[in-house]
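Below is one structure, written out as structure tokens; the observations come after it.
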Amino acid sequence: MSVNYDYYRTFYFVAKSRSFSRAAEIMLSSQPNVTRAMNNLEQELGCRLFVRSNRGITLTPEGEKLFAHVSVAYEQLQAGETELANNKSLQSGTVSIAANETALHGILLPKLRQLHKNYPGFRIRIANYATPQAILALKNGLLELAVVTTPTGVRKPLREVPLKPFQEILIGGPEFSFLKGETLCLKDLQSYPLICLGADTKTFEFYDRFFWEHGLALHLDMETATTDQVLPLVKSGLGLGFLPETLAAEALERKEVFQIHLKESIPERNICLVKDTLRPLSIAAKELEKLLRQP
């Protein structure tokens with residue numbers, strides 16, 4: 001059965017107002033047009049929808065059943081139109097992003113604060129993923145943006161946009177205070193327990209390559225799932241660890257840990273934005289991207 005959907009819209013207003021003339025006023029139409037549409041709808045459906053009398057109209061049992069479905073459908077359409085209108089006016093919207101700890105503290109927090117200040121109606125969903133998981137979620141369409149750290153290993157149609165460089169340092173806790181003031185070689189680290197993110201992370205890949213380029217193999221004594229787990233383990237004297245300088249700054253100032261200098265320079269890394277160029281961004285995501293790209 002193919003029914004003109006304008007008939008259902010007209011039916012909604014007639015049933016809602018219980019008046020042909022009132023429905024015509026709401027729709028900026030005429031009563032003859034409304035009556036004609038309802039006659040056609042009844043003919044196409046093969047049943048009566050209204051009982052007409054001098055006191056107005058009432059719905060037949062069939063009419064009541066139809067209205068129960070039409071009202072839900074029409075009100076959902078209205079809600080969708082309102083949501084789109086609000087999105088266009090930047091009054092509301094939702095952005096789904098992934099970020100690791102380095103990206104969150106290194107750049108994302110102040111940008112989210114600014115986004116919330118500019119557009120208080122926006123909703124933000126943040127997933128705490130390591131870079132490989134964030135990239136996978138982005139590929140699968142579960143996220144709009146990922147703010148992660150290099151290396152990302154992304155390929156088209158994903159695109160990587162560098163946002164901010166950062167430097168990592170080697171730190172130790174009180175148990176290794178005898179190393180204060182020393183400058184070690186990477187080879188020397190083989191004599192001490194090392195703490196780093198696990199083998200399924202890009203951070204491990206980064207340091208594995210760093211050691212390999214100096215003719216060494218990276219052997220870990222303790223693997224963590226996230227960057228923020230490294231610092232408490234180092235503070236507890238369980239080993240030496242690599243950590244972004246910004247994440248270690250407070251503990252360094254409190255002298256809970258200390259920096260261990262290396263003869264070999266740790267390469268600089270970047271916090272970067274990754275997005276899928278084949279998927280259009282929501283208005284909220286576009287606004288966040290603009291903020292992230294600003295200096």
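Quick note: numbers below take in every heavy atom, side chains included, and nothing from hydrogens, waters or symmetry partners. We're numbering straight along the sequence, starting at 1.
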Asn39 vs Arg36, test: side-chain hydrogen bond (donor to acceptor under 3.5 Å, both in side chains). Steps then yes/no. CA-CA 5 Å; Asn39 287 339; Arg36 187 181 307 110; over 6 Å; no

Those residues at least two apart in sequence (or on a different chain) that pass side chain to side chain donor-acceptor pair (under 3.5 Å) with Glu245 are none

Set out, in order, the CA-CA distance, both residues' side-chain angles and the distance that settles side-chain hydrogen bond (donor to acceptor under 3.5 Å, both in side chains) for Glu144 and Ser96, then state yes or no. CA-CA 6 Å; Glu144 291 189 274; Ser96 299; 5.2 Å; no

Near Lys111 NZ, under 6.0 Å, is it more than 12 heavy atoms from other residues, nucleotides or ligands? yes

For residues Arg159 and Val154, determine if any side-chain heavy atom of one lies less than 4.5 Å from a side-chain heavy atom of the other. no

Between Thr152 and Thr150, does a side-chain hydrogen bond (donor to acceptor under 3.5 Å, both in side chains) hold up when you go through it step by step? CA-CA 5 Å; Thr152 63; Thr150 56; over 6 Å; no

As a quick check of understanding, evaluate side chain to side chain contact (heavy atoms under 4.5 Å, CB included) for Leu142 and Tyr129, giving each step before the final call. CA-CA 12 Å; Leu142 303 177; Tyr129 287 154; 5.7 Å; no

Test side-chain hydrogen bond (donor to acceptor under 3.5 Å, both in side chains) on Asn270 and Thr149; report intermediate values, then the result. CA-CA 6 Å; Asn270 275 286; Thr149 50; over 6 Å; no

With a 4.5 Å limit on heavy-atom distance, are the side chains of Ile195 and Asp221 in contact? no

Is it the case that more than 12 heavy atoms not belonging to Arg18 sit under 6.0 Å from its CZ atom? yes

Check step by step if side chain to side chain contact (heavy atoms under 4.5 Å, CB included) holds for Ile271 and Phe166. CA-CA 7 Å; Ile271 299 172; Phe166 70 95; 3.8 Å; yes

Do Arg269's NZ or CZ and the ring of Phe206 fall within the cation-pi criteria of under 6.0 Å and 45°? yes

Has the side chain of Gln31 got a donor or acceptor atom that lies under 3.5 Å from a matching backbone atom of Phe20? no

All pairs passing ring-ring contact (aromatic ring centres under 6.0 Å, His included) where residues 212-260 contributes a residue, at least two apart: Tyr207-Phe242, Phe210-His214

Does this structure show an ion pair linking Glu62 with Arg48, if we count only N-O contacts that are shorter than 4.0 Å? no

When you look at CD of Gln294, are more than 12 heavy atoms from neighbouring residues, nucleotides or ligands closer to it than 6.0 Å? yes

Under a 4.5 Å cut-off applied to non-hydrogen side-chain atoms, are Thr131 and Thr201 in contact? no

If you draw a 6.0 Å radius around CD in Glu264, do more than 12 non-hydrogen atoms from other residues or ligands fall strictly inside? yes

Do you see a donor-acceptor pair shorter than 3.5 Å between the side chains of Ser19 and Ser17? no

Lys164 vs Glu268, salt bridge (charged side-chain N to carboxylate O under 4.0 Å, His left out): CA-CA, chis, key distance, verdict: CA-CA 10 Å; Lys164 183 181 179 181; Glu268 187 177 75; over 6 Å; no

May I ask you to decide if Cys185's main-chain N or O and Asp188's side chain share a donor-acceptor pair within less than 3.5 Å? yes

Show the atom names and distances, to 0.1 Å, of all donor-acceptor pairs under 3.5 Å that link a side chain in residues 227-239 to residues at least two apart or in another chain.
from: Asp228; atom 1: OD1; to: Thr226; atom 2: OG1; distance (Å): 2.4
from: Gln229; atom 1: OE1; to: Ala225; atom 2: N; distance (Å): 2.9
from: Gln229; atom 1: OE1; to: Thr226; atom 2: N; distance (Å): 3.4
from: Lys235; atom 1: NZ; to: Glu256; atom 2: OE1; distance (Å): 3.3
from: Ser236; atom 1: OG; to: Pro232; atom 2: O; distance (Å): 2.9

Hey, could you give me the CG/CG distance between Leu66 and Leu59, rounded to the nearest 0.5 Å? 9.0 Å

Between CG of Leu112 and CG of Leu288, what distance do you get to the nearest 0.5 Å? 6.0 Å

SB check Lys275 Glu289 (cutoff 4.0 Å): yes

Are the side chain of Arg279 and the backbone of Asp276 linked by a donor-acceptor contact shorter than 3.5 Å? no

For the CD1 atom of Ile260 and the OG1 atom of Thr183, what is their distance to the nearest 0.5 Å? 10.5 Å

For Tyr7 and Asn40, does a side-chain donor sit closer than 3.5 Å to a side-chain acceptor? yes

Would you say the rings of Phe50 and Phe11 are close, in the sense that their centroids are separated by under 6.0 Å? yes

